[in-house]
Each structure stands twice: as C-alpha cells, then as structure tokens.
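Remarks on the structure that follows.
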There are 2 protein chains.
Amino acid sequence: MNAILLAITGWDPLEWDARFRALPSGRDIRLWPDRIGHAADIAYACVWKPPHGLLAQFSNLQVIFSLGAGVDALTGDATLPAVPLVRIVDADLTMRMTEYVVLQVLTIHRQQRRYNAQQRQRVWRELPQPAACEVAVGVMGLGVLGAAAVAALSRLGFQVARWSRTAKRIDGVATFHGSDGLDAFLARSEILVCLLPSTPATDGLLDHALLRKLRRDGALGGAYLINAGRGRLQVEADILAALDDEKLAGATLDVFATEPLPETSPFWTHPKVTVTPHAAAASVPSALVANVLRQIGHFERGEPMDNVIDRVAGY
Amino acid sequence: MNAILLAITGWDPLEWDARFRALPSGRDIRLWPDRIGHAADIAYACVWKPPHGLLAQFSNLQVIFSLGAGVDALTGDATLPAVPLVRIVDADLTMRMTEYVVLQVLTIHRQQRRYNAQQRQRVWRELPQPAACEVAVGVMGLGVLGAAAVAALSRLGFQVARWSRTAKRIDGVATFHGSDGLDAFLARSEILVCLLPSTPATDGLLDHALLRKLRRDGALGGAYLINAGRGRLQVEADILAALDDEKLAGATLDVFATEPLPETSPFWTHPKVTVTPHAAAASVPSALVANVLRQIGHFERGEPMDNVIDRVAGY
C-alpha cells in the first residue's frame, strides 16, 4: 500500500527506478509498464510525459509529481485525476537555468559568435563593445527561475526588466504585466529571455507580431531572442521570418515545437541561430528523488507541499 | 603650465585627444609627437605604451597615468622618472573583465563548444552536465579585477579559490599564496583563470610544469586555462604541448606574447583553443578620461590618488 509508481517516457526509467531504490525511504517502488502490481496500491505517481489516460486507472492515487518543470503534457490529459499535481523544482535546477541564461546573454552581449567567426578567419580585431549597463534585457517568466535569472543579470550590470501575466513587485527591477504592459516591455528590451511555461495563454506567443516590437536601436544594434521555456511558445516560421527581415539579429533556442529537432529544420544551419538540445536546466535525478520523498512526507503529515500547480492556470 | 601630455601608441591618439578636450576641465592638452609645445610645461602624462626614454625629457613631470591596466611596458623603461605612476582602473573596466571571465568559465562548464559542434552536425544530444557546485575554479590575480571575478563566480555556485603572490584574506573564499601555496591551489583547480600582471616574477609562469599540476579528474574531466592577464605570462609552446598531451583540455586566450597574434600562430586553428583579440576588458575612454581628471584634482589638493603602482613589485 501507498506505493510510488514511476511512469517515465523519454528518459531511461530504469535509472530513475535505481535512484528511488538507492535512497533509504522504505517505500514500495513500482515501475510502469512492467512492474505496476495491483493498481489499487498506487498512492503516488512520479511522472514524465506519461501516456494520456494512464493515471486515471489508479483509483487510490493521491499526488502526482512531475519530475520536470514543464507540466503541459500532464495538464493536457483530460482524464488526469483531480489530485494535487506537484512540480518538482529544486535549487539545483534553478542554478542550472541561471547558468544557461547568463551564458547565453553574455555570449550575445560580448559578441562571442562574431569573435569565433573572426578566429576561423584569423582576424585580430576588437569590436566596439557597449557596457552591460547600456544593454536592456527583458525576462518573461514567473516564479523561481525567472527571479533567479533577473537577479543574476542585474548583478552583472544589465538593465533588467521582467514581464509576467499577473502583476508582481520585485524590488529594484522594472516590472510589466499583462497584455497592457507587454508592448512597453518589448519596446525597451534588446535581449528577450523567455522562461514561460506552455499554457493555452502562452502557446504561440513568440510570433512575428511580438518579435517585431523588440528594441532594435539599442546599444547592441539589434534584437535577440533566448527561449529556454517551452517550444510550443514559439511560432518557428515567424522566428525565421524575423531573422530574415532583420527584426531579430539572433536567436538562441533550447526548446522547439518538435523535439528532438528534426534534421531538416533550418534552425540547425541558420547563421544567426544557436541550437541547444533542451539542455538549459536538466533535472538532476538524485536531488529530485530526495525532494519527492520529502514532499510525500509533508503530505502524509498533513503539511503543505511546495510548488503545487494551479490546474486552471496551468502552472 | 601644468599641461597634460598624451603619449599613446597602438590606439588612435587623436580620439583620446578629442575625449580630453570634450570634458570641461580647462586643462592644456598636448599631444605627442606633434603637439608637445614646451617640454617644461608638462606636469602630467597620460600614456599607453610610450617609447622608452620619452618621459625622461619632461623635467617638471609630476604624475604618470597609465590608460590601460598593464603597466609592464612602463616599468620596463629604466629611464622612467621617479614620479607616482597611477593605473587608471574604473568600475566599468572591472565589470567588463567580470563579464568576460563569467562568459568564458560558463562556456567551458556548460560545454558550449561541444554543443556548437553538435549543432553543425545536426546532432540532438544532451551531454552529462555537472552542477557548478561540483566544479572547482581557481583565480590567479590580485586586486579589484580578481576579487570581482571571484565574487561573481561564487554567486553562480562554483567552488572558487584564489591564489596571490602574497597572503590575502577573503571571507568565504579559499585563498592560497606564494610558491608554497601554488601546488595545492593548482591541484584543486579544474578551470584556471589568470588575471595576473606581467612582472619579472610572473613572466613565463604559465608553463608546462604549472599546467600539468591542474586537476584533471574533477567534474569536468579535464583541465582548462583562461588567460585574460598578460601574454608574457604564458609559454605558448608549453600551452600547445599541454593541449596535445591532454594535460589541458582547452585554453581560452585573450592575450599573447605577440599581439596582434601572428597569422601563422597555431592557436587560431587549434580545435581546443578560443582566441579573443585582447578584448576582455577594454578601457572605455570617456570614463577613463574623467577618472584621470578627477585624480589630477586629488593630486593638486594634496589628497591621495587611487591605484598608485608599487614600482618595485610592478603592480
């Protein structure tokens, strides 16, 4: 009874099974699809992209834990049981996302792609370089990941602003919210960092109409997009069009509408595009497993759990 | 009287002349070599790599200001008048060096060169990625630049240690010093960041004997060198040998024994080397000029100046 089911696709489920067994929890661990046992034993499900309909068959299910930050694959399952849905967010994941955002913003700011091209041509030429305090970065994103990225970029001296769907206050950071605030936010941002979740309200948000509103006459002399949120946010044909008509000077994309990115995608070879394989902030298994077990303890003692998803808002 | 002489090689002296004239200082600005006027008028010299012997001819010279951080070209001039020698260091320059160090450390840590190579081959593969807290970075460098880099890397979660020639205390940072501390410092550092000045004690320091002592069995699985100090610190044949015998897994070099880097240098095309053209932390002219004029004001009022060089130590 009170068994933990692991239902994982895309990642190696046996590795997760081993990690859960490695921690001294005394829990009964079941593994979909081959080692479920009695369905009625399952109290907790730890999942990544489980097939739609799977979780509906566990009548005693009490909590669903998403092992990755993106829960859109879950909330898109109309048959998902109406139990608490918890996103496992650990400090390690936040640090990794911060590393990725800082690396990619600095790569754009310090013109490293141009320096790499100069190196290939054996050209020794220092490029005019604005200071970080002249460069406006805009971060779209809620919660812990967005706040950490904003803090790290601010400490490096960038002019950082943040946009969220609903009003937020962050000391010392310009904040914009809602559709009313979006145009002003875009008009001052030269580098747009997108860390938004995929929801009905955000899917397709990164289209040509949005990208053309970014600031192009700032210190960098062009507008740049970094998307480390979800692939469904981006209209990929529009990103390519914006690169080609110079509304965008560059795009750094970690996520795509279809993953793995198909070999035929023009993003692979586009001279203004950096592709990373959804590697911005991978979950670190051992930390996540410890977090799941800790949260199950909270739940069983009647204490609140962290990062419970609002099923209506989708994040 | 009390005129300011600009003696600049390598950069465009007319641009510096225009910047000094643009600020409302009321100062008499002279320009070497064509517009020196009476040598006895010169009280202050603002220089970058002036020819040896030049400054000895100004009998009323009171202060020499170095417009760049490296003063080795000056201290190597045996005829340099024994007046205060001031290195112009401004906050902007420190921020730029911090940006460069953070960018290059994150590029190594997050394996961006491998991801770039994968992109060229249309390969979608997430690489195993240690957390920053598993990676040991060692910063060699005194003063403001080193301290700022250490602080920024520590905030990103790296295990940061610092080595300096003489003992220093920094709260929360492991510090090593002197030749006694060097081996232990190298043995724990997977990424070595060199921000040292060029002095008789540091020239040639980055040789094979030193590089082979870096930690190669850490989280990154190899040792990396970032040199944004001075080119004379590095024995370039030894760096190439260390790359070839895998004592080094990569080198990111902003400075070279000969600059511009000759077209025939193997660094340009070495698959493990990133070359940038002494662009880590360019002086921003307008900020530097304001700083010089402010310091002349301090001097004339009998107040202490900042960043006066110890002529014996060479920094």
Side-chain angles (χ1 to χ4, degrees), chain A residues 11 91-93 95-96 98-107 109-113 115-116 118-133 151-152 155-158 254 256 259-265 267-270 273-282 284 287, chain B residues 11 91-93 95-96 98-107 109-113 115-116 118-133 151-152 155-158 254 256 259-265 267-270 273-282 284 287:
Chain A
W11 300 333
D92 183 87
L93 183 135
M95 296 287 278
R96 283 165 191 261
T98 299
E99 291 171 13
Y100 184 87
V101 170
V102 169
L103 168 59
Q104 303 303 345
V105 168
L106 283 176
T107 296
H109 169 58
R110 294 300 298 252
Q111 311 174 74
Q112 189 62 48
R113 284 174 64 102
Y115 280 121
N116 292 346
Q118 287 191 176
Q119 180 178 349
R120 287 192 293 273
Q121 294 158 14
R122 305 181 186 225
V123 170
W124 179 275
R125 183 192 303 137
E126 188 177 349
L127 302 170
Q129 178 61 55
C133 63
R155 281 193 299 256
L156 286 167
F158 291 101
D254 188 52
F256 299 90
E259 295 177 8
L261 184 63
E263 242 186 84
T264 53
S265 168
F267 285 134
W268 287 117
T269 50
H270 197 293
V273 174
T274 298
V275 171
T276 55
H278 204 144
V284 175
Chain B
W11 300 332
D92 183 87
L93 184 135
M95 295 288 278
R96 282 165 190 261
T98 300
E99 291 171 14
Y100 184 87
V101 170
V102 169
L103 168 59
Q104 302 303 344
V105 168
L106 283 176
T107 296
H109 168 58
R110 294 300 298 253
Q111 309 174 74
Q112 189 62 45
R113 284 174 64 102
Y115 280 122
N116 292 346
Q118 288 192 175
Q119 179 178 349
R120 287 192 292 273
Q121 294 157 15
R122 305 180 187 227
V123 170
W124 179 274
R125 184 192 302 136
E126 188 176 348
L127 302 169
Q129 179 60 57
C133 63
R155 282 193 299 255
L156 286 167
F158 290 101
D254 188 53
F256 299 90
E259 297 179 6
L261 184 62
E263 243 187 83
T264 53
S265 168
F267 285 135
W268 287 116
T269 51
H270 198 292
V273 174
T274 298
V275 170
T276 54
H278 205 144
V284 176

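Naming: A, B, ... by sequence-line order, numbering from 1 per chain. All values below come from the heavy atoms of this structure, side chains included, with hydrogens, waters and symmetry mates left out.
- Using a 4.5 Å cut-off between heavy atoms, B:Gln104 contacts chain A through its side chain alone, with no backbone atom that close.
- Across all their heavy atoms, B:Leu106 and A:Leu103 have their closest contact at CD1-N, 3.7 Å.
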Show the numbers, then the answer: is there a side-chain contact (heavy atoms from CB on, under 4.5 Å) between A:Thr269 and B:Arg122?
CA-CA 8 Å; A:Thr269 50; B:Arg122 305 180 187 227; 3.3 Å; yes
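- For the pair B:Arg110 (side chain) and A:Arg96 (backbone), a donor-acceptor distance under 3.5 Å is present.
- Contacts between A:Pro130 and chain B at a heavy-atom distance below 4.5 Å involve the backbone alone (N, CA, C, O).
- Side-chain atoms of B:Gln112 and A:Thr274, non-hydrogen and from C-beta on, do get closer than 4.5 Å to each other.
- Ranking A:Ala151, A:Ala279, A:Pro260 against chain B, the residue ahead of the rest is A:Pro260, based on heavy-atom pairs under 4.5 Å.
- You'll find the side chain of A:Thr276 stays beyond 4.5 Å of the side chain of B:Glu126, heavy atoms only.
- Between chain A and the options B:Arg155, B:Glu263, B:His278, the largest number of non-hydrogen pairs under 4.5 Å is found for B:Arg155.
- Using a 4.5 Å cut-off between heavy atoms, B:Val105 makes no contact with chain A at all.
- Using a 4.5 Å cut-off between heavy atoms, A:Phe256 contacts chain B through its side chain alone, with no backbone atom that close.
- For B:Phe267, the part sitting under 4.5 Å from any heavy atom of chain A is the backbone (N, CA, C, O) and nothing else.
- Between the side chains of B:His109 and A:Glu99, a donor-acceptor pair is found at a separation under 3.5 Å.
- Residues A:Gly157 and B:Met95 approach most closely at CA-CE, 3.6 Å, considering heavy atoms.
- With hydrogens and angles disregarded, no donor-acceptor distance shorter than 3.5 Å links the side chain of B:Arg120 to the backbone of A:Trp268.
- The greatest number of non-hydrogen atom pairs below 4.5 Å with chain B, out of A:Leu156, A:Val273, A:Leu261, is found for A:Leu261.
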